[in-house]
Amino acid sequence: MDLLELAPRLHLLRFSVGQAYLWQDGDDLTLIDTGPAGSAPAIAAAVHGLGTLRRVVLTHFHDDHTGSAAEIGSWPGVTVLAHGADAPIIRGERPGPPPDFSEAERELHARVAHGLPPAPPARVDVELHGGEDLDIGAGARVLHVPGHTDGSIALQLADRVLFTGDVIAEHGGELMLGPFNLDRDRAAASMRRLAALDVDIACFGHGDALVGRAGERLRHLHG
């Protein structure tokens with residue numbers, strides 16, 4: 001795992017598949033997604049150097065985002081939050097619906113998901129629905145952005161930071177609608193909603209974050 005400082009209070013944790021983010025409020029930390037199963041020891045080492053983990057926000061149920069949620073959720077004092085539509089899947093109460101793959105996406109998914117372990121069932125303490133305000137930074141608004149999954153969420157911080165989950169992706173300097181969607185039209189509508197926000201930093205589930213004047217780049221997105 002690579003640990004990269006994007007801003008004084010923001011770190012990116014990059015895994016072999018996907019990534020997560022740590023936001024720091026003094027000694028209290030919020031983790032956005034948890035990476036694949038088996039990532040908890042590396043996350044623990046990163047947290048140890050920065051503060052105490054208090055909160056995990058899961059942007060959606062896919063294995064590369066919730067894989068280590070069960071182990072991390074067992075740490076003392078950690079609260080796990082996810083959207084109510086994805087929470088039963090994260091808990092293992094029912095299977096998640098598969099994406100509506102295009103042919104190209106089917107081949108890509110077979111490559112990137114090869115060897116990715118399934119996420120063990122994980123506890124969800126707080127079910128979100130969109131519109132909630134969380135005590136992260138100067139305040140964070142939960143945005144329900146369905147399409148990638150029914151319960152996909154984004155976080156918009158008053159500190160002008162946006163966590164998009166997999167609704168938006170970056171690859172080779174290009175921004176795009178994230179692949180592997182349950183409903184591409186709904187995902188595209190969610191992408192356009194996020195692209196209209198005025199933010200300085202945009203953090204994606206896959207690809208390099210935009211640091212500085214991110215909103216200007218996002219506004220050129222179409223889909």
Side-chain angles (χ1 to χ4, degrees), residues 1-7 10-24 29-50 53 55-75 78 80 82 86 89-90 92 95-96 98-99 101-102 104-123 148-149 151-155 161-182 187 201-211:
M1 184 199 78
D2 295 326
L3 179 66
L4 305 173
E5 183 178 294
L6 301 178
L10 175 63
H11 287 77
L12 180 150
L13 293 73
R14 182 165 285 154
F15 309 103
S16 57
V17 178
Q19 51 208 31
Y21 297 90
L22 278 169
W23 177 267
Q24 190 169 13
L29 301 174
T30 296
L31 180 67
I32 314 298
D33 291 325
T34 67
S39 302
I43 294 172
V47 166
H48 180 74
L50 295 172
L53 188 64
R55 181 191 292 110
V56 173
V57 180
L58 301 173
T59 62
H60 61 290
F61 72 79
H62 287 159
D63 292 337
D64 54 330
H65 294 257
T66 64
S68 295
E71 184 171 352
I72 294 172
S74 71
W75 297 352
V78 172
V80 181
D86 280 13
I89 303 166
I90 295 168
F101 291 116
S102 68
E105 285 181 338
R106 192 179 306 278
E107 296 172 4
L108 175 62
H109 187 268
R111 292 199 305 272
V112 300
H114 178 73
L116 181 68
R123 191 183 79 246
H148 186 67
T149 67
S152 287
I153 60 171
L155 282 184
V161 177
L162 176 66
F163 299 94
T164 72
D166 279 1
V167 177
I168 301 173
E170 186 277 341
H171 181 71
E174 297 295 325
L175 302 179
M176 64 198 75
L177 175 67
F180 316 144
N181 296 300
L182 189 63
I201 298 175
C203 300
F204 314 116
H206 299 271
D208 292 337
L210 298 180
V211 180

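This chain uses plain numbering: 1 for the first residue, then up along the sequence.
The side-chain heavy atoms of Ile43 and Trp75, taken from C-beta on, include a pair separated by under 4.5 Å. Between Leu108 and Phe180 the shortest side-chain heavy-atom distance falls below 4.5 Å. A heavy-atom distance below 4.5 Å is not found between the side chains of Leu155 and Trp23. Looking at heavy atoms from C-beta onward, Leu210 lies in side-chain contact with Leu175 at the 4.5 angstrom threshold. For the pair Asp86 and Leu58, the minimum side-chain heavy-atom distance is 4.5 Å or more. In this structure, the side chains of Val57 and Ile153 come closer than 4.5 Å at one or more pairs of heavy atoms.
For the residue pair Leu6 and Val211, the shortest heavy atom distance occurs at O-CG1, 3.7 Å. Here the closest non-hydrogen pair linking Ala20 and Thr34 is CB-N, 4.2 Å. Shown here for Glu170 and Gly172, the closest heavy-atom pair between the two residues is OE2-N, 3.6 Å. For the residue pair Pro118 and Asp63, the shortest heavy atom distance occurs at CA-OD2, 3.6 Å. The minimum heavy-atom distance linking Pro179 with His148 is given by the pair O-CE1, 3.1 Å. For the residue pair Ala169 and Phe204, the shortest heavy atom distance occurs at CA-CB, 4.4 Å.
Thr164 places no side-chain N or O within donor-acceptor distance of the main-chain N or O of Val167, the cut-off being under 3.5 Å. Of the possible donor and acceptor atoms, one in the side chain of Thr66 sits under 3.5 Å from a partner among the backbone N and O of Phe61. Using a distance-only test at 3.5 Å, with no hydrogens or angles considered, a donor-acceptor pair links the side chain of Ser68 to the main chain of Ser39.
Using a 30° and 60° split on the angle between ring planes, His109 and Phe101 fall in the tilted class, from 30° to 60°.
If you check the side chains of His62 and Asp166, you find no donor sitting under 3.5 Å from an acceptor.
Here the rule is salt bridge (charged side-chain N to carboxylate O under 4.0 Å, His left out) with Arg14, and of Asp2, Asp33, Asp208 only Asp208 fits it.
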Determine, stepwise, if the pair Leu53 / Leu22 fulfils side-chain contact (heavy atoms from CB on, under 4.5 Å). CA-CA 9 Å; Leu53 188 64; Leu22 278 169; 4.2 Å; yes

